Participant: 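The structure is given below, and queries will be raised subsequently.
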Amino acid sequence: MPLDIAIIDYNAGNLGSIYKAVKFLDAKPKITNKVGEILSADGIILPGVGAFGDCMDNFRKAGFIEKNLFEKILEQERPFLGICLGLQMLFEESEEMGIYKGLGLIKGKVIRFPQGVKCPQIGWNTIAKKQEHFIFKGIPDDTYFYFVHSYHAVCSKLENILAETTYAGTMFPSMVIKKNIIASQFHPEKSGKWGLKILKNFLESTN
Amino acid sequence: MVLAKRIIPCLDIKEGRVVKGVNFVNIRDAGDPVELAQRYDEEGADELTFLDITASSEKRDILIDVVRRTAEVIFIPFTVGGGIRTTEDFRRILRAGADKCSINSGAVKNPDVINKAAKIFGAQCVVTAIDVKRRYVEKDNVKQSVNGPDLTDNNNHVVIQVDEDKYCWWEVVIHGGRTDTGMDAIKWGLEVENRGSGEILLTSMDTDGMRTGYDLELTKEFSERLNVPVIASGGAGNEQHILDVFSHGKADAALAASIFHDIGEDYHRSIEDVKDFLERNGITVRHV
């Protein structure tokens, strides 16, 4: 039986890439905004394209906040992978186009790269592992992943940092973790074979 | 740990087939873009660019099919350009699975489309392609700008000293270089950045297809003045040219077409060979 993977739809961005990557890895992706469907899937992916404030608004409109979707994902220990904005949304707040409150599942905030740095960071950068984790299974050190972002997270607690990356002198958490919830700032679905390996490791963990 | 310099092969596509550099004896098949894209991905391309040169608009749907098939098998970023005019064009290309859309003449004619597309799809999806030509200026006509540190000519173009006693400005050209616009490319670059373009694809029409090297002064001016990444294009003939555009031109990415097409010419280079050369010369590149 292929694994049922819920890709959370909140009316933003292009979900096609992650859908195709999950399908390519022989799992069964479903793009959905139904809380019941999300919680009953084998694994949950929160993709992210767009602005932080809009994303929170869309979460509210979809009823995710009212129904405590993300708290339930944490309590029920559902395998969860956030990508790009899907990582940033886990934090307490972001300064993207004003100050917006986030989900607050991980302590810390999201800030812009300093003035004078080329923004967005677009391209391939490496990650430095800070903890051992199944998501890194078979991934060599200094592997490159594809990043596209102008804002980055700052973790208040070291225990939430899974991997770090440096761009133009700024070091930031490029992967974060809290129990069953993991997230990457880079796009595994756009990072070639090693990105697919990260996704495969995630899918295998949901089995 | 630094951001790697990107190598981007470009495929010119006409009616669903790759055309540039392969209209050659013994090669009857012009090449399937999806197969070629897969090969470039395996060779270590950091991104791919498809440029649609299909003339008739009825045949444009063929491209959408190519984009869709590519997105099913390629898991690195790819950009699609050629004939993009409206946000609806962006939507069709992105929906089909492309990560970015590049807009060229369409942005010159209607710059607001950049703002709209950036707002709807995000700046990271909007690549503005700027085609330019050098316009040399007599030294006697070069003066200090009253508005800032730049040199200008009598028409207020930003003038750069490109060699001893040689001065030029760069003019934006459209329709593949056939139409002059009179626009100052440096000012246009700053404008498209302000309008929300996430990247600039900068092509020198003076060097394009010549395989004599990129316009390094042009690339350097753009890279230093703009706050968004600059992809240099036009003129790559060997690995040294690509090294030069990173080290002297300060480009964030280098796009090339003919040298990566393996059609039996002695100027053919594999992406991996180019990356090995760059790495030996101190440039950070990604190996697969």
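Chain A is the first sequence line, chain B the second, and so forth, proteins listed ahead of strands; every chain is numbered from 1. Keep in mind it's a predicted model, so treat the numbers as computed, not measured.
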Participant: Would you say B:K187 has more than 12 foreign heavy atoms packed within less than 6.0 Å of its NZ?
Facilitator: yes
Participant: Which atom pair, heavy atoms only, marks the closest approach of B:D46 to A:W124?
Facilitator: O-NE1, 2.9 Å
Participant: How close do A:Y144 and B:V285 get, counting heavy atoms only, and between which atoms?
Facilitator: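 So the two residues come closest at OH-O, 3.5 Å.
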Participant: Of the listed residues (A:G169, A:A168, A:G16, A:G192), which shares the most heavy-atom pairs with chain B below a 4.5 Å separation?
Facilitator: A:G192
Participant: Evaluate whether atom CD of B:E224 has more than 12 neighbouring non-hydrogen atoms of other residues, nucleotides or ligands under 6.0 angstrom away.
Facilitator: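 Yes, because the 6.0 Å sphere around CD of B:E224 holds more than 12 heavy atoms from other groups.
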Participant: Heavy-atom count check: over 12 atoms from other residues, nucleotides or ligands less than 6.0 Å from A:K129 NZ?
Facilitator: yes
Participant: At a heavy-atom separation under 4.5 Å, does B:I76 approach chain A through its side chain, its backbone, both, or neither?
Facilitator: both
Participant: With a 4.5 angstrom heavy-atom cut-off, could you sort out which part of B:R286 is near chain A: side chain, backbone, both or neither?
Facilitator: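 B:R286 touches chain A through backbone and side-chain heavy atoms alike.
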Participant: So which residue, B:P77, B:A4, B:P229, ends up with the most heavy-atom pairs under 4.5 Å with chain A?
Facilitator: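 Sorted descending by pairs with chain A, the first entry is B:P77.
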Participant: Does any backbone or side-chain atom of B:K100 lie under 4.5 Å from a heavy atom of chain A? Answer side chain, backbone, both or neither.
Facilitator: side chain
Participant: Can you name the residues of residues 92-108 of chain A that have some heavy atom under 4.5 Å away from a heavy atom in chain B?
Facilitator: none
Participant: Side chain, backbone, both or neither: which part of B:A98 has a heavy atom under 4.5 Å from chain A?
Facilitator: backbone
Participant: If I compare all heavy atoms of A:K20 with all of B:R68, which pair ends up nearest, and what's the gap?
Facilitator: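 What the structure gives for the nearest pair is NZ-O, 4.3 Å.
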Participant: Using non-hydrogen atoms only, which part of B:A253 is less than 4.5 Å away from chain A: side chain, backbone, both, or neither?
Facilitator: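 Nothing of B:A253, per the 4.5 Å heavy-atom cut-off to chain A.
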Participant: Pick whichever of B:D99, B:L94, B:D41 has the most heavy-atom pairs under 4.5 Å with chain A.
Facilitator: B:D99
Participant: Check B:E72 against A:F24 and note the closest heavy-atom contact, atom names and distance.
Facilitator: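 Scanning both residues, the minimum pair turns out to be O-CD1, 3.7 Å.
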Participant: Check each atom of A:K118 against the heavy atoms of chain B and say whether the ones under 4.5 Å are side chain, backbone, both or neither.
Facilitator: both
Participant: Using heavy-atom distances under 4.5 Å, tell me whether B:E42 contacts chain A through its side chain, its backbone, both, or neither.
Facilitator: neither
Participant: Mind checking the CZ-NZ spacing from B:F75 to A:K190? Nearest 0.5 Å is all I need.
Facilitator: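 Here the interatomic distance stands at 7.5 Å.
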Participant: Please look at A:I122 and chain B and tell me whether the side chain, the backbone, both or neither of the residue comes under 4.5 angstrom of a heavy atom of that chain.
Facilitator: both
Participant: Of all heavy-atom pairs between B:V288 and A:W194, which one has the smallest distance, and what is that distance?
Facilitator: C-NE1, 4.4 Å
Participant: Among the options A:G116, A:A21, A:S17, pick out the one with the most heavy-atom pairs lying under 4.5 Å from chain B.
Facilitator: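 Looking at each option in turn, the highest pair count goes to A:A21.
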Participant: Which heavy atom of A:Q121 sits nearest a heavy atom of B:L3, and at what distance?
Facilitator: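 Heavy atoms of A:Q121 and B:L3 come nearest at OE1-CD1, 3.3 Å.
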Participant: Mind ranking B:K5, B:Q124, B:R6 by heavy-atom pairs under 4.5 Å with chain A and telling me who comes out on top?
Facilitator: B:R6
